[in-house]
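All values below come from the heavy atoms of this structure, side chains included, with hydrogens, waters and symmetry mates left out. All residue numbers refer to positions in the sequence shown, counting from 1.
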Amino acid sequence: MSIEFRCNQCGKLLRTADDTAGQPAQCPSCSAIQPIPFGAAIPDDGLYGLAEPPPSMGSPFARPAQPGPTPFNYGNPYASPMSPATARYDEYFEDGPRTGPPWERDAPSVRSFIATAREALGSTSPFFFEMRREGGFGLPLAYSFLGGMIGALAQAFHPIVLVALLQTLLPNNFRPADPAEAAWGPLITLAAAPLVVIIYPFILAAILHVMLAVLGSTHFPYETTYRVTAYSTGTAALLSLVPFCGRLIELVTAIVLLSIGLAQAHEASGGKAAAAVLLPFVVCGGLAVAVFVVAGLAAGM
């Protein structure tokens, strides 16, 4: 015998074996969690007590099975009947609806921006596990832009503040240039910052997506990689507020966030995600060293 009932959220017709009555289950259509009712049994087709729906009825078993086991694998009481040689129920990766960060869930605001940065830094793995893989580029771009501009402002004004302090504390003979003169370089850099802050995550995400493809770990589209990149770089840029060593802290934090974020969002192994992040740095560093060596040899000839 089988139990037939409709989801109390979306109304989709569902069927499952009668020995699952009373168990909590998740609708494969709308992801609503509800208990399987007792009774409402219908005749089965003799295969594991699970009846095949009529041709005119939409199948409630459309969700594809995913390999397991993982910490988030659950027995699916809505799974289609399988051959006698296999398990009774399909095992599938069920993470439910992704709620997204506060920046998306609660609408953009100062409060949701701070809450998103706090979650990304303090609960990195759960943060990216809940991040929506798709949903548009707009909100991640806005978050990345705000974080990047805060970091750019900090990096522009740190040298100016430092020169001003040295002008005050050091004797006349050891004082650096006038703060007004020292401000020109940072201010020119700051003027170009908006364009750089917008373009940089797109380019970095493209590089990381290619690296993941080379390693065979691109399980989701480019948008997923971009969303990880935008939230990682936007959050890490805030650490540029730390004087003197802020940029170094930002770089290390960005690498950590990107590695964890790509692993969670693309369901890749931690090693492959870290390799995808570090390979561009290794390649660029190697090219820089090669150029430096070649330039040195050319100068000595």
> Quick check: does any side chain N or O of E119 sit under 3.5 Å from a backbone N or O of P101, one acting as donor and the other as acceptor?
Replying inline: no
>> Quick check for you: to the nearest 0.5 Å, what is the distance between M131 atom CE and T224 atom OG1?
In response: 6.0 Å
> Between R98 and F129, is there a donor-acceptor pair closer than 3.5 Å when you use the side chain of the first and the backbone of the second?
Replying inline: yes
> V196, I207: one ILVMFWY side-chain cluster at the under-4.5 Å cut-off?
Replying inline: no
> Which atoms form the tightest heavy-atom contact between A230 and P140, and what is the distance?
Replying inline: CB-O, 3.5 Å
>> Is there a path of hydrophobic side-chain contacts, each under 4.5 Å between heavy atoms, that joins L241 and I114?
In response: no
>> Using side-chain contact (heavy atoms from CB on, under 4.5 Å), reason through T235 and F127 one step at a time and then give a plain yes or no.
In response: CA-CA 12 Å; T235 300; F127 174 86; 5.8 Å; no
> For F113 and L146, which heavy atoms make the closest approach, and how far apart are they?
Replying inline: CE1-CB, 3.8 Å
> Within a strict 4.5 Å, meaning less than it, do heavy atoms of the L121 and L238 side chains meet?
Replying inline: no
> Around R105, counting heavy atoms of other residues, nucleotides and ligands shown, do more than 12 lie under 6.0 Å from its CZ?
Replying inline: yes
>> Using 0.5 Å steps for rounding, measure from the CZ atom of R111 to the OG1 atom of T116.
In response: 12.5 Å
> In Å, rounded to the nearest 0.5 Å, how long is the span from CH2 of W103 to CG of L139?
Replying inline: 7.5 Å
> Which distance, rounded to the nearest 0.5 Å, do you find between the OG of S112 and the CD of E104?
Replying inline: 10.0 Å
> Any link between V214 and V277 through a network of hydrophobic side chains (Ile, Leu, Val, Met, Phe, Trp, Tyr) touching at under 4.5 Å?
Replying inline: no
> When you measure from the side chain of R227 to the backbone N and O of F137, does any donor-acceptor pair fall under 3.5 Å?
Replying inline: no
>> For Y231 and Y143, take the angle between the two ring planes, folded into 0 to 90°, and tell me which bin it lands in: parallel under 30, tilted 30 to 60, perpendicular over 60.
In response: tilted
> So, are R133 and E267 salt-bridged, with charged N and O less than 4.0 Å apart?
Replying inline: yes
> Stepwise, does the side-chain contact (heavy atoms from CB on, under 4.5 Å) test hold for F220 with L212?
Replying inline: CA-CA 10 Å; F220 296 94; L212 284 173; over 6 Å; no
> What's the verdict on side-chain contact (heavy atoms from CB on, under 4.5 Å) for T229 and L208, showing C-alpha distance, side-chain angles and the deciding distance?
Replying inline: CA-CA 9 Å; T229 306; L208 295 176; 3.8 Å; yes
>> Please find the pair of heavy atoms, one from K272 and one from S217, that lie closest to each other, and give the distance.
In response: CD-OG, 3.2 Å
>> If you compare all heavy atoms of T124 against all heavy atoms of A120, which two are closest, and at what distance to 0.1 Å?
In response: OG1-O, 2.6 Å
>> For L141 and Y226: C-alpha separation, side-chain torsions, deciding distance, then whether side-chain contact (heavy atoms from CB on, under 4.5 Å) applies.
In response: CA-CA 9 Å; L141 172 61; Y226 173 78; 3.4 Å; yes
> Backbone N or O of N8 within a donor-acceptor pair of the Q34 side chain at under 3.5 Å?
Replying inline: yes
>> What I want to check is whether the side chains of H266 and T225 have a donor and an acceptor closer together than 3.5 Å.
In response: yes
> Are I198 and M149 connected in a single hydrophobic cluster, I mean Ile/Leu/Val/Met/Phe/Trp/Tyr linked by side-chain heavy atoms less than 4.5 Å apart?
Replying inline: yes
> Got a second to check how far S125's OG is from L257's CG, nearest 0.5 Å?
Replying inline: 11.5 Å
>> Taking Y200 as the starting point, is it possible to reach L262 by hopping between hydrophobic residues whose side chains are less than 4.5 Å apart?
In response: yes
> Which heavy-atom pair separates S144 from T233 by the least distance, and what is that distance?
Replying inline: OG-OG1, 3.6 Å
>> Looking at every heavy atom in both P280 and M211, which two are closest together, and how far apart are they?
In response: CG-CG, 4.0 Å
> When rounded to the nearest 0.5 angstrom, what is the spacing between CD1 in I249 and CG in L239?
Replying inline: 6.5 Å
